Amino acid sequence: MFITFEGPDGCGKTTQITLLARYLSGQGIAVCHTREPGGTSIGEQVRSILHSQDNQEMVSQAEILLYSASRAQLVAEKIIPALTEGTTVLCDRYYDSTLAYQGYGRQLDLETLHLITEFATQGLKPDLTLYLDIDPEAGLRRRQIDQAAEWNRLDALALDFHRRVHEGYHRLMEAEPDRWVKVDAARPVEVIQTEIQQIVIEKLNR
Ligand code: TMP
């Protein structure tokens, strides 16, 4: 089972995915918990280039290809081998982030993004995508006050950009309702986690 987590910045994905990984391991389920961009040695190096506030001159084409390079490495090096041995993979962001941020946020051609994505992922799609829904303004506020959170180059973009990303996620969900489950991320951490555990266990047992 390949499960991805998506949502606007500050939606609490990372906390929820960490709790879910711990819960599933406690249930005796083999879990690989990873993230994008990053998750491999090469991917983490690419992540630091992508998110550095020093790289303001980065053009959108370079941004897409760097996210896709990190993804290609992660899929080949970690995700496919884990799925092949029967491990459940939990990934903090995947190609839907490219469609939402670069496609809807930066308003780049979606068809081109689909082609690049297909190439980078070898066509691997998630079985389930959990969308942690939060108002983009509230999410950014959370990020700003969270001392542990990394404030990255994309967080620093204007609110209009983040509103388009949020809207983009809703379009992606409408296009593939069977793959996505929306979770209200404005509630307390434990309440959200309980709901996520129920959704995942139900899917694993199906
Ligand atoms: P996060 O690790 O805190 O979720 O930050 C990742 C940032 O990178 C977030 O602002 C979303 C952005 N991003 C893209 O713009 N495109 C992508 O394809 C991915 C994976 C992330």
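When a ligand or atom number is given, it counts from 1 through the structure's own listing order. Positions are given from 1 along the sequence. Because only heavy atoms are used, hydrogens play no part in the values below, and waters and symmetry mates are left out as well, while side chains stay in. All values derive from a computational prediction rather than experimental measurement.
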J.: Test: ring-ring contact (aromatic ring centres under 6.0 Å, His included). Region: residues 9-44. Which pairs qualify, not counting sequence neighbours?
T.: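 Residue pairs with at least one partner in residues 9-44: there are none.
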J.: State whether the shortest distance between N or O atoms of R143 and N or O atoms of ligand 1 falls below 3.5 angstrom.
T.: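 Checking ligand 1 against R143, an N or O pair does fall under 3.5 Å apart.
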J.: Would you mind running through ligand 1 and noting each atom that sits below 4.0 Å from a heavy atom of Q102?
T.: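 Every atom of ligand 1 under 4.0 Å from some heavy atom of Q102: 14 (C), 15 (O), 16 (N), 17 (C), 18 (O).
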J.: So, for H166 and H162, is the gap between ring centers shorter than 6.0 Å?
T.: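 No, they do not, as the ring centres are separated by 6.0 Å or more.
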J.: Could you tell me the residue and atom name of the protein heavy atom closest to atom 5 (O) of ligand 1, and the distance to it rounded to 0.1 Å?
T.: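 Going by distance alone, atom 5 (O) of ligand 1 is nearest to N152 ND2, 3.6 Å.
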J.: Tell me which one of A100, S97, S70, G7 gets a heavy atom nearest to atom 19 (C) of ligand 1.
T.: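 That would be S97.
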J.: Checking K125 now: which residues fulfil salt bridge (Lys or Arg N to Asp or Glu O under 4.0 Å) with it, not counting sequence neighbours?
T.: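 Testing K125 for salt bridge (Lys or Arg N to Asp or Glu O under 4.0 Å), a comparison that skips the adjacent residues, returns E176.
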J.: Are H170 and Y131 close enough that their ring centers fall under 6.0 Å?
T.: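 They qualify: ring centres under 6.0 Å apart.
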J.: Check each of R35, E36, R47 against atom 2 (O) of ligand 1 and report the one with the nearest heavy atom.
T.: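 It is R47 that holds the nearest heavy atom.
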J.: Would you mind finding which of Y101, F5, Y67 brings a heavy atom closest to atom 11 (C) of ligand 1?
T.: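 Minimum heavy-atom distance to atom 11 (C) of ligand 1 goes to Y101.
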J.: Tell me which protein heavy atom sits closest to atom 4 (O) of ligand 1, plus the residue, atom name and distance to 0.1 Å.
T.: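 Heavy-atom neighbour on the protein nearest atom 4 (O) of ligand 1: R93 NE, 2.6 Å.
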J.: Select one of side chain, backbone, both or neither to describe which atoms of E63 lie under 4.0 Å from any atom of ligand 1, heavy atoms only.
T.: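 Looking at E63 and ligand 1, no heavy atom falls under 4.0 Å.
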J.: What residue and atom, counting heavy atoms only, is the protein's closest point to atom 18 (O) of ligand 1, and at what distance?
T.: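 Closest protein heavy atom to atom 18 (O) of ligand 1: T98 OG1, 2.5 Å.
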J.: May I ask you to decide whether R206 forms a salt bridge with D127, counting only side-chain N to carboxylate O separations under 4.0 Å?
T.: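 No, R206 and D127 are not salt-bridged.
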J.: Is any side-chain heavy atom of V183 closer than 4.5 Å to one of I199?
T.: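 Side-chain contact under 4.5 Å: yes.
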J.: With the side chain counted from C-beta on, respond yes when R47 and S70 share a heavy-atom pair under 4.5 Å apart, and no when they do not.
T.: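 The answer is no, as the side chains (C-beta and beyond) never meet within the 4.5 Å cut-off.
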J.: Relative to the heavy atoms of H51, which atoms of ligand 1 are at a distance of less than 4.0 Å?
T.: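 In order of numbering, the contacting atoms are 5 (O), 6 (C), 7 (C), 8 (O).
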J.: Mind telling me whether F2 and Y94 have parallel, tilted or perpendicular rings, with 30° and 60° as the class edges?
T.: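 Y94 and F2: perpendicular rings.
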J.: Using a 4.0 Å heavy-atom threshold (strictly under), name the region of D9 that reaches ligand 1: side chain, backbone, both or neither.
T.: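 Looking at D9 and ligand 1, just side chain atoms fall under 4.0 Å.
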